[in-house]
Amino acid sequence: MIERARIGILISGRGSNMAALADAVREGRVPNAEVVVVLSDQPTAAGLSKAKERGIETLVIERRGRGRAEHDREIVAALSERHVELVCLAGYMRVLSPEFIGSFRGRILNIHPSLLPSFPGLDAQKQALEHGVKWTGCTVHVVDETLDGGPIIAQRAVRVSDDDTVESLSGRILEQEHELYAEAVSLVLASLLAESLTAKRSDSES
Ligand code: GRF
């Protein structure tokens, strides 16, 4: 039997992507996976109650005036204790330390509301409107040391209308984000599984 991949989701706020991903996992749309913890750096994050409603363990690890490296060490320890294999950032509003990224190299994903590499950073939907692009969208990418610059896993395009506001455009992008994250996680887990099967086979042959 294939063991289920253990996913940890990091949030700072509303948590709608977290909820959509957790629902996709529970409904088997992301095969062979389970969400084992939802972690927030903000005690008031609305997403925490959405996770609790779904019966998922929640953890709050606040920055409390500490440096980024120290805060991240506590988060990495909490994820490692729970044997988390894939970390999904879902509206997590902090930049990760190099140590955090190194601890989960290639196994941290983020979702961003633009077609990267266009409009990285904050307020991506506003940046798209201000630039006058006719198409924008959302991207799931691997997190590396660059800001929103890691390898792209999946994207969805969204048409910009002449009368769009930041709110209307963000809403249509968000609908696509909710479907895209589950698809991207499925792809990544399939490739991690293939890698581990290949590694096991070459171990047994040597
Ligand atoms: C989403 O637009 C996501 O792309 C961005 O932050 C927002 C988080 O929304 N990184 P939610 O907390 O998942 O509802």
Side-chain angles (χ1 to χ4, degrees), residues 7-27 29-30 35 37-54 56 58-63 72 75 86-96 100-101 104 108-131 133 135-160 164-185 187-188:
I7 299 174
I9 305 181
L10 268 57
I11 63 170
S12 296
R14 182 177 57 184
S16 71
N17 276 290
M18 175 281 298
L21 181 56
D23 290 346
V25 169
R26 198 193 51 224
E27 290 161 15
R29 284 180 282 127
V30 178
V35 178
V37 65
V38 169
L39 194 153
S40 172
D41 63 323
Q42 301 293 330
T44 54
L48 288 167
S49 52
K50 295 188 175 112
K52 285 186 192 134
E53 278 163 20
R54 288 166 170 78
I56 302 169
T58 57
L59 267 183
V60 175
I61 301 184
E62 286 180 85
R63 182 84 171 249
D72 277 3
I75 295 174
L86 184 71
V87 179
C88 295
L89 308 184
Y92 184 67
M93 296 306 287
R94 292 194 182 278
V95 173
L96 305 188
F100 190 156
I101 295 167
F104 286 92
I108 307 173
L109 304 182
N110 181 43
I111 186 152
H112 183 80
S114 76
L115 292 176
L116 291 170
S118 293
F119 314 127
L122 293 176
D123 300 323
Q125 304 92 333
K126 183 162 175 268
Q127 292 185 57
L129 279 181
E130 285 175 357
H131 210 89
V133 293
W135 288 90
T136 182
C138 49
T139 303
V140 175
H141 66 95
V142 176
V143 173
D144 65 11
E145 284 79 0
T146 60
L147 178 67
D148 297 326
I152 290 171
I153 306 292
Q155 292 188 308
R156 287 261 183 115
V158 172
R159 185 92 165 92
V160 182
D164 258 328
T165 60
V166 172
E167 290 68 35
S168 64
L169 181 59
S170 302
R172 291 205 312 288
I173 295 173
L174 195 63
E175 281 174 23
Q176 298 302 316
E177 291 184 44
H178 292 166
E179 293 181 9
L180 186 70
Y181 217 167
E183 280 176 26
V185 168
L187 283 174
V188 169

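Values reported hereafter were calculated over all heavy atoms of this structure, with side chains retained and with hydrogens, waters and symmetry mates removed. We count ligands from 1, going down the list as the structure has it; atoms in each ligand are counted the same way.
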Asks: Is there at least one pair of N or O atoms, one from N110 and one from ligand 1, spaced under 3.5 Å apart?
Replies: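 Among all N and O atoms of N110, none is under 3.5 Å from an N or O of ligand 1.
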Asks: Can you report which non-hydrogen protein atom sits closest to atom 8 (C) of ligand 1, along with the distance?
Replies: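 Answer, as residue, atom name and distance: G91 CA, 3.6 Å.
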Asks: Quick one: are P151 and D144 in side-chain contact, heavy atoms under 4.5 Å?
Replies: yes
Asks: May I ask you to say whether D23 pairs ionically with R54, meaning some side-chain N is under 4.0 Å from a carboxylate O?
Replies: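 R54 and D23: salt-bridged.
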Asks: Please walk me through it: do F100 and I108 pass side-chain contact (heavy atoms from CB on, under 4.5 Å)?
Replies: CA-CA 9 Å; F100 190 156; I108 307 173; 3.9 Å; yes
Asks: Write out the residue and atom name of the closest protein heavy atom to atom 1 (C) of ligand 1, then the distance separating them to 0.1 Å.
Replies: E177 OE1, 3.1 Å
Asks: Taking all heavy atoms of Y181 and all of A90, pick out the closest pair and write down the distance.
Replies: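 Y181 and A90 have their closest heavy atoms at CE1-CB, 4.3 Å.
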Asks: Is there a polar contact, in the sense of an N or O pair closer than 3.5 Å, between I111 and ligand 1?
Replies: yes
Asks: Show which atoms of ligand 1 fall inside a sub-4.0 Å distance from at least one heavy-atom site of R14.
Replies: 9 (O), 11 (P), 12 (O), 14 (O)
Asks: Identify the heavy atoms of Q125 and S170 that sit nearest to each other, and give their distance.
Replies: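 Q125 and S170 have their closest heavy atoms at CG-OG, 3.4 Å.
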Asks: Looking only at distances, please establish whether an N/O atom of ligand 1 is found under 3.5 Å from an N/O atom of G15.
Replies: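 It does: an N or O of G15 is found under 3.5 Å from an N or O of ligand 1.
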